[in-house]
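Fair warning: this is a prediction, and the values are worked out from it, not measured in the lab.
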Amino acid sequence: MSKSTPSLVALLGLVAIAGYQNRSRISDMLTVVREKTFAPGSTPVQSSGNFNSEIGKFFQTNPSADTGLGNTTVGHTISNALSDLVDRLRDSGRGAAVDSWVSEKANTPIDVDDLEAALGNETLAELSDKTGLSRAELLLRLNVALPEFVNIFTPNGRLPTENEAQILA
């Protein structure tokens, strides 16, 4: 399994931490993360091991902010992370389930073991380390929240472009 992109780790962390409890309000959740990290007139929080700060850097709305990530916007992060996630699930044989999340059909559930296999040990270890959640808790939360999250950010039955993801966020 290839190493996860930083945007995928940030997205999975966000969904695991906040998305699980706020599944119906994912756009609100992104706004809260951005505001806590990039309040108007403030200097962006520099990463010091605080995963919320790391996540916030990826979900900023000001692409010129000095985050060390280049010209990254929330649309870029979501678009790339969704693409990476969908590819991982398809490549691990879970294409039918993830395709239902992207489509306008009902979401097909995925087994926790299948999600674990698709994400890989390295990604789950990094997420566990950064979020403080156990591997089992991460998988439970992601298993519950990811189908709806993917569905919300693919309203046209396909992965969003960077601009479309920016609007959805």
Side-chain angles (χ1 to χ4, degrees), residues 1-23 26-27 29-38 44-61 63 65-95 97-98 101-102 109-154 159-160 162 165 169:
M1 180 73 45
S2 63
K3 183 168 174 53
S4 292
T5 61
S7 59
L8 178 59
V9 172
L11 181 73
L12 292 172
L14 179 65
V15 171
I17 292 170
Y20 178 74
Q21 295 172 341
N22 302 297
R23 290 181 298 281
I26 291 175
S27 289
M29 175 179 63
L30 289 170
T31 300
V32 168
V33 170
R34 284 192 303 259
E35 287 174 356
K36 284 184 178 177
T37 307
F38 294 96
V45 177
Q46 297 300 314
S47 177
S48 60
N50 182 334
F51 192 51
N52 288 337
S53 295
E54 289 182 42
I55 290 172
K57 287 181 180 184
F58 285 94
F59 297 102
Q60 58 151 327
T61 55
D66 182 19
T67 63
L69 299 172
N71 195 19
T72 301
T73 64
V74 67
H76 175 83
T77 298
I78 291 172
S79 179
N80 285 349
L82 281 174
S83 180
D84 190 8
L85 175 64
V86 168
D87 287 346
R88 281 173 174 266
L89 287 163
R90 286 178 179 154
D91 291 348
S92 67
R94 284 71 180 187
V98 76
W101 304 352
V102 173
I110 187 170
D111 291 332
V112 172
D113 292 340
D114 290 340
L115 182 60
E116 182 176 28
L119 295 178
N121 290 329
E122 188 175 346
T123 298
L124 291 168
E126 183 177 1
L127 279 169
S128 183
D129 183 53
K130 289 184 174 187
T131 63
L133 296 171
S134 71
R135 183 183 187 104
E137 182 66 16
L138 274 169
L139 286 165
L140 172 70
R141 288 175 175 221
L142 291 171
N143 193 48
V144 170
L146 272 177
E148 183 64 18
F149 180 86
V150 172
N151 190 265
I152 287 170
F153 280 92
T154 57
L159 292 172
E162 184 176 330

Could you give the distance from [atom1] ([X]) to [atom2] ([Y]), rounded to the nearest 0.5 Å?
X	Y	atom1	atom2	answer
L12	L85	CG	CG	6.0 Å
L89	L146	CG	CG	8.0 Å
W101	I110	CH2	CD1	4.5 Å

Measure across [X] and [Y] and return the closest heavy-atom pair with its distance rounded to 0.1 Å.
X	Y	result
S83	L159	CA-CD1, 3.9 Å
N143	L115	N-CD2, 3.6 Å
L8	A81	CD1-O, 3.6 Å
A97	P109	CB-O, 4.2 Å
R141	A16	NH1-O, 2.9 Å
G13	L127	N-CD2, 3.5 Å

Discussion item. Quick check against the 3.5 Å criterion: does R90 have a side-chain atom that pairs as donor or acceptor with the backbone of G95?
Written reply: no

Worksheet item: Looking only at atom types and distance, does a side-chain atom of S128 sit under 3.5 Å from a main-chain N or O of L133, one as donor and one as acceptor?
Response: yes

Discussion item. Just so I know, are the side chains of L119 and L142 near enough to count as touching, which here means a heavy-atom distance under 4.5 Å?
Written reply: yes

Discussion item. Do T154 and P160 make a side-chain contact, defined as non-hydrogen atoms from C-beta onward lying under 4.5 Å apart?
Written reply: yes

Discussion item. Let's go through I78 and E162 carefully: what are the C-alpha distance in whole Å and the side-chain angles of both, what is the deciding distance for side-chain contact (heavy atoms from CB on, under 4.5 Å) to 0.1 Å, and is it a yes or a no?
Written reply: CA-CA 8 Å; I78 291 172; E162 184 176 330; over 6 Å; no

Worksheet item: Between L11 and D84, is a side-chain contact (heavy atoms from CB on, under 4.5 Å) present by the stated rule, with each step listed?
Response: CA-CA 11 Å; L11 181 73; D84 190 8; over 6 Å; no

Worksheet item: By side-chain hydrogen bond (donor to acceptor under 3.5 Å, both in side chains), which residues pair with D114, not counting sequence neighbours?
Response: R94

Practice prompt. List for me each residue that meets side-chain contact (heavy atoms from CB on, under 4.5 Å) alongside E116, sequence neighbours excluded, and say none if there are none.
Written response: D113, L124, R135, L139

Worksheet item: Can a donor-acceptor pair be found between the side chains of S7 and N80 at a distance below 3.5 Å?
Response: no

Discussion item. Show, in sequence, the C-alpha distance, side-chain angles and deciding distance for E137 and L140, and conclude whether the side-chain contact (heavy atoms from CB on, under 4.5 Å) test is met.
Written reply: CA-CA 5 Å; E137 182 66 16; L140 172 70; 4.1 Å; yes

